[in-house]
Amino acid sequence: MSAKLGVEIPSFQKVYETIFDIGAAVNLRTINTQQSLLANHFNSITAENDMKFEGLQPEEGKYDFEKSDKLAAFAREHGMKMRGHTLVWHNQTPEWVFQDSQGERVTRDQLLQRMKDHITTAMQRYKGQIYCWDVVNEAVTDEGPELYRKTNWLDIIGEDYIEKAFEFAHAADPDALLFYNDYNECNSGKREKIYQLVKSLVEKGVPIHGVGLQGHWNLTNPGLDEIRAAIERYASLGLKLQLTELDVSVFEFEDKRTDLTEPTGEMIERQTERYQQIFALLREYQDVFTAVTFWGAADDYTWLSDFPVRGRKNWPFLFDENHQPKEAFWKVISF
Ligand code: HAH
């Protein structure tokens, strides 16, 4: 941005040092391609994919920590915190987990044992380094009256699979902060389901310490009032909150256009205003928010360039494709 030429770029995480952590999701490629950006502006990382079940235990009992160890080493070398993502989820979990050697579905007890082994092995490896884990991801339905998303975990274990996961996690590392994480978290219907689920866990004395709001948002949705209502609702549970996967897509979810090679001026203007409003709101709730993690760091790499439209570029962050601060960055650090 030529208007800012010659101006020192403040460190994002230092500006927010007393407010909340500033995190980024990373992978083995971006810790190289975005190394100095990450080191300067972020004080926390999350593995985008490499700590998911299929990444850590692709075959029964054969753990593979090669990638995750490299990410953890990157965090240590740069004095960054690390979040763990994610232990129990319906996606990116290998089929073997739910089957025995004959290809038959495992029993409840077998699956609980596998869950326990996985959680214990993963968490103990990073004990003292990963301070916070997304123990269960996306267990609630988007639509309809049912609370629990239909998954193999639910089918085989039953509704208590969630509390079991938290109990195993707490036993594996009693110092780790344990989060429930979900998306569409500001939609009023889903918000109430997430609230009911987490409330029931708290009332049962399940060791849960926080709610992760993924924050996969766009230029209009969710509205600021919906975000505020969700924050108020979750905060009323007395737990900590984090924004765990923030990005602001320049496309509406239903918009499948593929003609753009750069964002329009209007998109960038609206994104700037949106980020300014989002961070003003988050600062209002700085007593409950302990971290804001983006699902990436700069516009040269985002999962949104493959989702929901394959191969369509998106520009959802505060730093552009050349790792330069966008106008939205300057707004977010000016308060
Ligand atoms: C998230 N799901 C996952 O938590 C994360 O692990 C993954 O890398 C990307 C997004 C969000 C999601 C969504 O936005 C829409 C449909 C299903 C899931």
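Counting convention: from 1, in listed order, for ligands and their atoms alike.
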Would you call Glu262 and Lys313 a salt bridge, taking side-chain N to carboxylate O under 4.0 Å as the test?
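No.
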For ligand 1, list the protein residues that place a heavy atom within a distance below 4.0 Å of one of its atoms, sorted by chain and number.
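Around ligand 1, where the cutoff is 4.0 Å for heavy atoms, the contacting residues are Glu48, Lys52, His85, Trp89, Asn137, Glu138, Tyr183, Gln214, His216, Glu245, Trp295, Trp303, Phe307.
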ring-ring contact (aromatic ring centres under 6.0 Å, His included) partners for His90, two or more places apart:
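Expected list: none.
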side-chain contact (heavy atoms from CB on, under 4.5 Å) against Lys240, all qualifying residues, sequence neighbours excluded:
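Lys240 satisfies side-chain contact (heavy atoms from CB on, under 4.5 Å) with Phe179, Thr290 only.
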For residues 17-25, tabulate all N or O donor-acceptor pairs below 3.5 Å that involve a side-chain atom, not counting sequence neighbours.
unit_1 : atom_1 : unit_2 : atom_2 : d
Asp21  : OD1    : Asn43  : ND2    : 3.1
Asp21  : OD2    : Lys81  : NZ     : 2.8

Which of these passes ring-ring contact (aromatic ring centres under 6.0 Å, His included) with His85: Phe53, Tyr126, Trp295, Trp133?
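Among the candidates, only Trp295 passes.
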Test ring pair (Phe, Tyr, Trp, His ring centres under 6.0 Å) on His78 and Phe74 and set out the steps.
CA-CA 6 Å; His78 294 91; Phe74 179 86; 4.3 Å; yes
